Structures are given as structure tokens and as C-alpha cells.
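See below for the structure under consideration.
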Amino acid sequence: MPIKLTFPDGTVNEFPEGTSGADVAASIGRSLAKAAVAVSLDGELLDLSRVLPGDGPFAVITDTTDQGRSVIRHSAAHVLAQAVLDLYAGASFAIGPAIEDGFYYDFDIGRGFVPDDLEAIEARMTEIIAEDQPFQRDIIAAEEAKALFADQPFKIEIIEGVDEAEGAGGTEVSVYRNLDFVDLCRGPHLPSTGRIKAVKLLRSAGSYWRGDENKPQLQRIYGTAWESQQTLTDHLERIEQARLRDHRRIGHELDLFSSPPELGPGLSLWHPKGGLLRKVIDDYSRRIHQQYGFDFVVTPHVAKEQLWAISGHLDFYADNMYPRMELDGEEGYRVKPMNCPFHVLIYRSSARSYRQLPIRLSELGAVYRYERSGTLQGLLRVRGMVQDDSHTFCRRDQLADELDRHLDFVLAMFSDFGFDDVEAELSTRDPDKWMGELDLWDEATEALRATLDKRGVAYEIGEGEAAFYGPKIDVHVRDALGRRWQCSTIQLDFNFPQAFDLDYATADNDRARPVMIHCAKLGAMERFIAVMIEHYAGALPAWLSPVQATVVPVADRHDPYAATVVERLRAEPIRAEADLSDESLGEKVRRAITHKHPAVIVVGDRDVESGTVGLRLRGETEERRGVPLADAVVELAALCSPPR
RNA sequence: GCUGGCGUAGCUCAGUUGGUCAGAGCAGCUGAUUUGUAAUCAGCAGGUCGUGGGUUCGAAUCCCUCCGCCAGCUCCA
């Protein structure tokens, strides 16, 4: 019986029974057949050589698509495992998927891999690829597979766990062979190893079996594979570009902050330029919080340990808190890892009425968390940070509107900072770990979903990912290099109102419990600034630049005029500085440009005479001479004005 | 915390069978230069080669400890 395939263009084509994906690709065109790495039938990816089992929507997966590359990388992972098993007697192998931009495979060879190992492995992989070994798919009984992998404990565990993702399911499992190497795998794979045109091993690192730190530690090798040497080279170039944008590097070059070893890991010092940047962001933050109806509060850095017991932090967060401080004749104190208990105490400081709600308490609060040493990462993960934190207390009937307001706020804020590409994750109730009322959870989760839909934000659902005390939305921004960073979180909290027995008087003069929304907008200032630096490669938007204009006199005799220009700009106010150092003009211009100053203003004889300046904005390769000072001021004022 | 890597002047780095190996560029300081848009010239100064042990006639170079940093795992703003 012929099979009917629906092509991506909507046409339905008939093929005789026994037709393979490769046959179909060849019937469409030679170049397509050449670029094909797999096919998809009814949403399922199949090897090119597989006989198509039935009708359905059909597409050829080519090697330049994400899906195609993932097939290449998956096959490369197999070749990696093959090479490691060849080279290291007694090695066991675990799992090896394709990941974004590459692949990895986890092994146990009784020790770690060192760089020389990677070199040897990559050389062996190159041989296997040159041999162009065909990948061959087999379905075998689970019992047979267990015999086949008798000396491979991780594979046995996968088979016994009938892990579909690894090709095991029920009584049968699929395996892929090339030469004498065989691996459990769902597929699909390239027709042969020779189709891996470019591969490179990048690094090794420890990883835990099943991602569980209580299970054995394996050695993971990361690599990347591409359809051509050129795309591999381009990828490596992108990695290098990312390295050049590293906020630690740029932060030092622009003299924004430092983290000297004497200070302690995860702590940072903000130098004058960085301090100014912080101030600009703080000022902005206060303005927009005010516009969205938040009130400002200030709370201390430490509190009695008992407070953290009531809040539940000692039960659930103690591992991330700095240890107790002993004081003579007093109970212990703890440094705050969060601001919530304080804001709750402020709410509770007087009797609340339904008329007062919602109450939105906001604070740029410095918090300290004892993060495990291995997790620290520049300013992206620190132990001391300032959060733009808020806690909103509202009635249940106000919840949907409040959530919508919070999300609107967050989106407006990111947009002001130049991040328009945002994605969210909606975390829902963990059926085994939750507290409170079921219908409130459902209502709140629906409200979160509705506001995401209303604002048109793309989101994924993290089923069961919510903390026990409430569902949440995490908002991620995508930077110029396509990397995703989590910044905001909008989180319902059903625990605090109960733990602190919060209430308000209803219209009927009953007592009701308020709902609480915890929200960090930019998140941690340290992280957000790091993300911005990498996003903009240090060239921050003018309104954020610590120095907005550098005035360069051509010769000493122009210094007084330069000072006048600076004064005029500062009156705007524009953050301007004159460079009166004993350097050549070219050097001063270069210095201003490499320090990413948004505007360079050069003044010489002609400017002094006619009240003009030479203006060169960031990104412009040519200067504009003879611009009247007044015009330049207007232009720069517009350029440098904050969005709110 | 775990695995691997790294740690030489403020910064970027050279220094590989352990024996003038303590160097370069940039930054800094001093002097000269007064310049019209991405590096003016010269001189000077600057490091107990992360820390503490050990091996050796001799260690930046080999071994161990600790500290810090980087990549990843786990976790997460």
C-alpha cells in the first residue's frame, strides 16, 4: 500500500511502500538529498535510511537547521563515546545528548580528563570520522540489551528505568551501532560518521550522574560539531566575542568595580564611575516605582534570629544564610538574605483596612547570601547584592490587576534599558510540596497566565517548579549575543501572610488575609549591570554612561573655553569632563572612544572665535565641525536624558 | 561543596629537559612637545613569580597544603 506524505508546502505526495526518507529526499532534489541528515514524519525524527512507516506530515531535516545540527551533534557525541571507550580500558559511559551549540558525553574512567586526554580523544574521533562508519539502528529486547551492556552499569540503569529519551521503552530498546561500538539511543543519527564535517572538543568538567550530587560524579566532555568548518570557525569566533564582552574585563577597563581577594568572594567594590552608574539606575528605579504606585521603605541589614524562625527561613533557607552572630546577653542575630520579613512587619505595624489595599512596599535592599563557593560567577552570582525588591499586599479580588501591574512594570523597565526580547517562565504547583488553599493556587496561577497572555510575553510552563509557598513568573531577558538571563521574579506568597498572621478589616468588618506578591524587577543590581555591560559590550546607552561627554581642547590655550563648554553641559545636566592632560589630540580622542564615552567634543581656535564645537558621537566615524554650542547642548541633552 | 584548569609588575602576557629567568607592551611618574579627531618622543620607577611547606648544591619552573580566579555540575537574583 502506498504511503501519503504531506510536504511542508501542503502538497500530498504518494510513495510506494518501503520508501525511505532518503528516497523521498532524493526524489525532491539532489542538493536537498545531499544536505539531508534526517527526516521528520508526523513530528517524529527518523533516520534517512528508515523505511517510512506510514502517512503524515513530512519534512526533510537539513544540516543547516537547528534540528539538523542537533542530529549532527548527537552523532558526534556517539563518536566521542566511541573514542573514549577505544582509548580507556574499563571506561563506562552514561549519557550524551546534543545541547545548544554542541554536545556532551558523561564518562567514568576512574579519574578526571586532562587537556592531553581531550587532544588524544579528538584525534581518535577524527580517525573514526575519516573511516566514515555507517550508523546502524537495531531494535532489541531489553533483556538482550542488558546482556550487551553487562559491563556498563549506567546503561543497565537506563534500560531498567525504561528511559524513553535514551532509546529504552518497555520491553524493547533501540541501539545504534557503528563498527564495534554500540550505544543505547533513540536516534536519529547521520547515515555515517563521515557526515560530521567539523568537530571540536572544548572542555571537560565534573557532573553528577542523573544530576544528583549524592550520586557518583562523572566526567563530562563538552564539544561542538557543525555542518562545515566555516560554521565551526564562526561559532568559535562568537565564543571569543563573548569573552571580550565579559563584564569582569569591561568593568575593570571602564573602572566601574573590582573584587579584590582581600574583600572576599562574591563581594564587590564600586568605584566612582561604577558608583555613579549605580546612582543613575537607583534614581531611575525610584522614579518608575513611584509612577507605578510603590511606597519606599528602609529596613536594617540584620535582625533577631527569631524573626527568621517565624518567617521559615531557618527551616528552608539556612544553608544560604550567614551564620548567627552572638551578642552578649542577647539572642543571636542574622544578616538578612531577603527583605520580606521586614516588609511584612511594616504591614503588621498597624491595623489594616480593605480600603488601604493594595499596599506596595519597595526597597533597594542590600542582602547577603552564603552561596556555595563554586556557584559564584563575577557579578552574575554574588554573595552581597542590592535587590530592587518589593512586597505588595492586596485583597484577593485585586490579585489579577496587581499581577498585571507588576508585569507591566517589569516590561516597561526592561524596555527602558533596551531589552525588548524577554521571555518568561511560569512555575506551577508541585503536587507534593505546597501549602495553603488549592483554589487560591489555581486562581493565582490562572491570573499569572492571563497577564502573560495579555502582555504577549512568550513563556514556558515549569510544571511543579513553584516553591511550596506560591506560584511565580520569572522573567528572562535575552542579550545581544542571544544569551538568556533571569532578572525579574513575580512571586505569590501564601506562606508569609499565614506565618505572620496578617489580616485586614473587610467591608463587613470581618478579618481577611491579604495576598502577598514578592517582586524583584531588575533583580540584583550587580547582576543586572553585568548583563547590561555584556549586552552593550560596555557601550551603555548615553543616559547610563558615567561620562556622557568628553571635551578635548586642541591646545593649552583652549582650556578656558573647554571649561566653559563643560560648565554649560553640566548645567543641563550632562555629565561632561574636560581632558586637560598633556597628551596629543589623537590620544585624547582615542581614550574617550575606547572608554565608550557617548560624545567627544573637540574645541580649537575656530571654536573659541565663533562659539562652536567639533562634535563626534559614539559610533560616528567622522566629526562634525563648527556646531554652534547651543545646538550641541540641545542635541546632547536629548541624547542623554533618561527615559523617565 | 564537587571535577578539571589557571595564579609572573596596576593590566595583557613571555619566560617548556630546574642553573645571568626576573622580562616586554600598555598603564604610572618625570621631562620635552601645544598638537583639529583612534596611540608624540625620551628617561625613570615598579614584582620576596598567589600563600606556606617540601625535594635539590640550586625552583617562577618538580611535589604537597591553603587562598583566589575560570569552566562545568548542583543551586540561583
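All of these numbers come straight from a predicted model, not from anything done at the bench. What you see below is based on every heavy atom in this structure, not just the backbone, and it leaves out hydrogens, waters and symmetry mates. Chain naming here is simple, since letters A, B, ... match the order of the sequence lines and numbering starts at 1 in each.
A/H558 comes within 4.0 angstrom of no nucleic acid atom, judged by non-hydrogen atoms across all strands. In this structure, A/T594 reaches the bases: a heavy-atom distance under 4.0 Å links it to at least one base atom across the strands shown. Nucleic acid contact for A/F113: sugar-phosphate only, since backbone atoms but no base atoms lie under 4.0 Å from a heavy atom of the residue. Among the protein residues, A/P265 comes within range of the sugar-phosphate backbone only, with heavy atoms under 4.0 Å from sugar or phosphate atoms but none that close to a base.
Comparing the P positions of B/U55 and B/G15 gives a spacing of 29 Å, expressed to the nearest Å. With C1' as the reference atom, B/U34 and B/C11 are 30 Å apart, rounded to whole Å. The P atoms of B/U17 and B/U12 are separated by 26 Å, rounded to the nearest whole Å. Rounded to a whole angstrom, the distance from the C1' atom of B/C69 to that of B/U51 is 15 Å. Comparing the C1' positions of B/G68 and B/A77 gives a spacing of 24 Å, expressed to the nearest Å. Taking atom C1' on both B/U3 and B/G10, the two are 33 Å apart, rounded to the nearest angstrom. Between the P atoms of B/C13 and B/G36, the separation comes to 36 Å (whole Å). Comparing the C1' positions of B/A27 and B/G18 gives an interatomic distance of 33 Å, to the nearest angstrom.
No hydrogens or angles considered: nothing links the side chains of A/S204 and A/Q219 as a donor-acceptor pair under 3.5 Å.
Distance A/E262 CD to B/U51 P: 13 Å, rounded to the nearest Å. Nucleotide B/U3 holds its C1' atom 15 Å from the OH atom of A/Y104, rounded to whole Å. Atom CG of A/D108 and atom P of B/U3 are 13 Å apart (whole Å). Between the CD atom of A/E609 and the P atom of B/G36 there is a distance of 15 Å, rounded to whole Å. Rounded to an integer number of Å, the gap from NE2 of A/H271 to P of B/G10 is 15 Å. Between the CZ atom of A/R243 and the P atom of B/C69 there is a distance of 19 Å, rounded to whole Å. At whole-Å resolution of the value, CD in A/E623 and P in B/A38 are 8 Å apart.
Remark: B/C76 base-pairs with no nucleotide; criterion is Watson-Crick or G-U wobble with both hydrogen-bond distances under 3.5 Å. In this structure, B/U33 forms no base pair with any nucleotide, since neither Watson-Crick nor G-U wobble geometry is met with both distances under 3.5 Å. Searching all strands for a Watson-Crick or G-U wobble partner of B/C49 with both distances below 3.5 Å returns nothing. For B/U20, there is no paired base (Watson-Crick or G-U wobble, both distances below 3.5 Å). Pairing for B/G7 goes to B/C67, judged as Watson-Crick or G-U wobble with the two contacts each under 3.5 Å.
For the pair A/G626 and A/L218, both in contact range of RNA chain B, the more 5′-proximal nearest nucleotide belongs to A/L218. A residue-by-residue look at A/H252 and A/R625 shows that A/H252 has its nearest nucleotide of RNA chain B further toward the 5' end.
Residue side chain A/D607 reaches the base of B/G36 through a donor-acceptor N/O pair under 3.5 Å, judged by distance alone.
Using a 4.5 Å heavy-atom cutoff, the side chains of A/L615 and A/L617 are in contact. The closest side-chain heavy-atom distance from A/L263 to A/P260 is below 4.5 Å.
The aromatic rings of A/H391 and A/H518 lie perpendicular to each other, with more than 60° between the two planes, well past the 30° mark. Taking the six-membered ring where the residue is Trp, A/Y368 and A/H301 present tilted rings, their angle falling between 30° and 60°. The aromatic rings of A/Y317 and A/H313 lie perpendicular to each other, with more than 60° between the two planes, well past the 30° mark. Between A/F409 and A/F294, the two ring planes are tilted [angle within 30° to 60°].
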Nucleotide by nucleotide, nucleotides 70-77 of chain B touches protein heavy atoms under 4.0 Å in the pattern (B base, S sugar-phosphate only, - none) SSBBBBBB
Quick one: what's the B/S/- string for nucleotides 26-35 of chain B, heavy-atom cutoff under 4.0 Å, read 5' to 3'? ------BBBB
Intermediate values then yes/no, ring-ring contact (aromatic ring centres under 6.0 Å, His included), A/F257 and A/W270: CA-CA 4 Å; A/F257 51 79; A/W270 291 77; 5.1 Å; yes
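In this structure, A/R334 is not positioned above the aromatic face of A/W308 in the sense of NZ or CZ being under 6.0 Å from the six-membered ring centre and within 45° of the axis. Cation-pi geometry between A/R73 and A/F103 is not satisfied (NZ or CZ under 6.0 Å from the ring centre, within 45° of the ring normal).
When each of A/W485, A/F417, A/F419 is paired with A/H535, the ring pair (Phe, Tyr, Trp, His ring centres under 6.0 Å) condition holds for A/F419 and for no other.
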